[in-house]
Asker: 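One structure, pasted below without further comment.
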Amino acid sequence: MKNLCVLISGSGSNLAAIINACHDGKIPAQINCVIADRDSPGKHHAFQAKLPFLMIDRRLPQAEFSAALTAAIPPDSDLIVLAGFLSIIPPALTEAFARKIINLHPSLLPKFGGAGMYGLNVHRAVLAAKEKESGCSVHYVDNGIDTGEVIARARVPVFPDDSPASLQQRVQTEEHRLLTATIAHLLSLPTATTHTH
Ligand code: GRF
């Protein structure tokens, strides 16, 4: 059985989608640990599913936070999924788990990525730019912000009467589908079983 480690900061709707997909067999894996960087409401999904959960406070001094996060990732993780995780991943982890850490971003990267582009900020920027379509992307995590190679994208239309919240809702529905399908795909690749550390 392959192992997924899931990192969250927010409401955990993507975590819930991953839990359901593992349960239904759409993702042939188990979640070995859920890690939050704050008192995230999403933790209740981990509790409900009786998954190992831990919180590493993002307000710790950066070196301490990085060391704690690096130590917390189970070494047998086949894939580390940032499902709305807002803290920066330390280089020690991106090197140890090269091409095994993926992030979900609520825009069609490379558009509307980078520092400050998270949550409703992204959808506000999309509306301000009068984009006709938006969507979400899953990408490998490197040492930049939203700069790693894009693995998959899903598109949604932007309607003239959209608010940032209505657009966010449309994108999130696609996120759940895209993230679970991409995880299943990546786990089916032979390289996903090779540990580099
Ligand atoms: C998602 O919109 C994701 O794209 C972004 O953070 C949000 C997390 O939502 N990175 P949730 O906590 O999974 O509900």
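Since this is a predicted model, take the numbers as computed values, not measurements. All values below come from the heavy atoms of this structure, side chains included, with hydrogens, waters and symmetry mates left out. First listed ligand is number 1; within each ligand, the first listed atom is number 1.
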Asker: Looking at Cys136, is its backbone amide N or carbonyl O close enough to the side chain of Ser107 to form a donor-acceptor pair, meaning the two atoms are under 3.5 Å apart?
Answerer: no
Asker: Does the Ser40 side chain pair with the main chain of Ala36, one donor and one acceptor, at a distance under 3.5 Å?
Answerer: no
Asker: Run Val81 and Asn14 through side-chain contact (heavy atoms from CB on, under 4.5 Å) and show every step you take.
Answerer: CA-CA 10 Å; Val81 182; Asn14 284 285; over 6 Å; no
Asker: Can you work out which protein residues put a heavy atom within less than 4.0 Å of ligand 1?
Answerer: Gly10, Ser11, Gly12, Ser13, Asn14, Gly84, Leu104, His105, Pro106, Gln172, Glu175
Asker: Is it true that atom OH of Tyr140 has more than 12 heavy atoms of other residues, nucleotides or ligands lying nearer than 6.0 Å?
Answerer: yes
Asker: In a table with atom names and distances, give each donor-acceptor pair under 3.5 Å that connects a side chain of residues 24-35 to protein atoms at least two apart or in another chain.
Answerer:
| residue | atom | partner | partner atom | Å |
| --- | --- | --- | --- | --- |
| Gln30 | NE2 | Asn3 | OD1 | 2.8 |
| Asn32 | ND2 | Asp76 | OD1 | 3.3 |
| Asn32 | ND2 | Ser77 | OG | 3.1 |

Asker: Give me the ring orientation class for Phe53 and Phe47: parallel if the planes are under 30° apart, tilted from 30 to 60°, perpendicular past 60°.
Answerer: perpendicular
